[in-house]
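All residue numbers refer to positions in the sequence shown, counting from 1. Side chains included, hydrogens not; waters and symmetry mates left out as well; all remaining heavy atoms used. Not measured: the values here are computed from a predicted model.
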Amino acid sequence: MYIAIAGNIGSGKTTLTQMLTARYDARSYLEESNNPYIGDFYEDMNRWSFNLQIYFLGSRIRQTMEMLSDVSQGDIIQDRTIYEDAHIFADNLHQMGLMSTRDLETYMGIFRLGSGFIPRPDLLIYLRASVPTLTAQIRKRGRDYEMNIDEDYLCRLNAKYEHWVNDIYDGEVLLVDKDTEDFVENPAVLEKICRRIDRLRNEQKR
């Protein structure tokens, strides 16, 4: 079973990925955090946006192709999808005037080529979180390059996520509202998530 965790910066994707990986003895595929452009990007988004996104896209395509060779051997939990790279982050940078139309078209051409080889997740778990929740988590984890993330930027990403989940993505989605459903502090929330996964697993066995 292929499960993907989607959500804004600081929404808890990696934490939930690790919890579900332990619960189901699955293989986890975490988002690459050592992108060599990320520090430069947060200092000068206009200069480094294309470099950052192309690196993430290449990393995501490589990771997903590796993941495909494992999918027949058991459950897979993925931290962030290739779709978010394109429909959320690259598109938002273009709308903000931080990525040129030419660069976006080049990027989307590579995205369409790579995503054509990738199956849709059996379940997408979308972690919705308000900007105050996101900023609190970002400060808590203390990554230097994230300390200057603008709240308006997070707000724009949230709007992109809502549009993508509600109007573009056509797969199975489980919404978790992180403002009220904390799967770290409240075990009942994790159990709710697992019940949905278990139901899908049972349906696949029929």
Return the minimal non-hydrogen interatomic distance between Q63 and L30, and the atom names on each side.
-> NE2-O, 2.8 Å
Output yes when a side-chain donor or acceptor of E84 lies under 3.5 Å from a complementary backbone atom of G7, and no otherwise.
-> yes
Measure from the side-chain N and O atoms of N35 to the backbone N and O of L52, and report whether any donor-acceptor pair falls under 3.5 Å.
-> yes
Measure the spacing between CD1 of I138 and CD1 of I9 and express it to the nearest 0.5 Å.
-> 6.0 Å
Rounded to the nearest 0.5 Å, how far apart are CG of L57 and CZ of R62?
-> 10.5 Å
So, the side chain of D103 versus the backbone of M99: is there a donor-acceptor pair under 3.5 Å, distance only?
-> no
Between OH on residue Y37 and CH2 on residue W48, distance to nearest 0.5 Å = 6.5 Å
Over all atoms of both residues, closest heavy-atom pair of A90 and Q53 = N-NE2, 3.8 Å
Is there side-chain contact between R47 and D40, with heavy atoms separated by less than 4.5 Å?
-> no
Are F50 and L93 close enough that some pair of their side-chain heavy atoms sits under 4.5 Å apart?
-> no
For T135 and E151, what are the C-alpha separation, side-chain angles and deciding distance, and is it a side-chain contact (heavy atoms from CB on, under 4.5 Å)?
-> CA-CA 8 Å; T135 54; E151 290 191 0; 3.9 Å; yes
So, for P121 and Y83, which heavy atoms are closest and what is the spacing to 0.1 Å?
-> CD-CE1, 4.1 Å
Any donor-acceptor pair under 3.5 Å linking the side chain of D179 with the backbone of S130?
-> yes
Validate the cation-pi geometry between K178 and F183: distance from NZ or CZ to the six-membered ring centre under 6.0 Å, angle to the ring axis within 45°.
-> yes
Distance, nearest 0.5 Å, that separates CD1 of I54 from CG of D85 | 10.0 Å
Determine yes or no for a side-chain-to-main-chain donor-acceptor pair under 3.5 angstrom, with R196 supplying the side chain and V173 the backbone.
-> yes
Check A86 against Y107 and note the closest heavy-atom contact, atom names and distance.
-> N-OH, 3.5 Å
Assess the side chains of D122 and Q204: does a donor N or O sit below 3.5 Å from an acceptor N or O?
-> yes
Pairing of R128 and E181 as salt bridge, 4.0 angstrom limit | no
Going through the checks in order, is the side-chain contact (heavy atoms from CB on, under 4.5 Å) test met by E172 and L200?
-> CA-CA 10 Å; E172 184 91 7; L200 285 173; 4.2 Å; yes
Identify the heavy atoms of M96 and Y153 that sit nearest to each other, and give their distance.
-> SD-CD1, 3.8 Å
Shortest non-hydrogen contact from D79 toward R60 | O-NH1, 3.5 Å
Do Y24 and D198 pass the side-chain hydrogen bond (donor to acceptor under 3.5 Å, both in side chains) test, and can you show the C-alpha distance, the side-chain angles, and the key distance before you say yes or no?
-> CA-CA 10 Å; Y24 291 102; D198 293 341; 2.9 Å; yes
Could you tell me the separation between the OH atom of Y2 and the OG1 atom of T81, rounded to the nearest 0.5 Å?
-> 6.5 Å
T14 and I5, any side-chain heavy atoms less than 4.5 Å apart | no
Would you confirm whether T64, through its side chain, and I61, through its main-chain N or O, come within 3.5 Å as a donor-acceptor pair?
-> no
For the residue pair V176 and I125, establish whether any side-chain heavy-atom pair is separated by less than 4.5 Å.
-> yes
Quick one: do D91 and K160 satisfy side-chain contact (heavy atoms from CB on, under 4.5 Å)? Show the steps, please.
-> CA-CA 9 Å; D91 189 55; K160 287 287 181 186; 2.4 Å; yes
Okay, side chain of Q137, backbone of L134: is any donor-acceptor separation there less than 3.5 Å?
-> no
Between H87 and F111, does the ring centroid distance fall short of 6.0 Å?
-> yes
Check whether any side-chain N or O of K13 sits under 3.5 Å from a backbone N or O of N8 as a donor-acceptor pair, and report yes or no.
-> yes
What residues, two or more places apart in sequence or in another chain, satisfy salt bridge (charged side-chain N to carboxylate O under 4.0 Å, His left out) together with D170?
-> R120
Rounded to the nearest 0.5 Å, how far apart are CD1 of I197 and CZ of R201?
-> 8.0 Å
Within the distance-only criterion (no hydrogens, no angle test), does the side chain of T133 pair as donor or acceptor with the backbone N or O of A129 below 3.5 angstrom?
-> no
Side-chain contact test, heavy atoms from C-beta onward, threshold under 4.5 Å: evaluate it for R156 versus Q95 and give yes or no.
-> yes
For the pair D75 (side chain) and M1 (backbone), establish whether a donor and an acceptor sit closer than 3.5 Å, ignoring hydrogens and angles.
-> yes
Does one side chain, of N166 or Y126, offer a donor that lies under 3.5 Å from an acceptor on the other?
-> no
Min side-chain heavy-atom separation T101-L104 under 4.5 Å = no
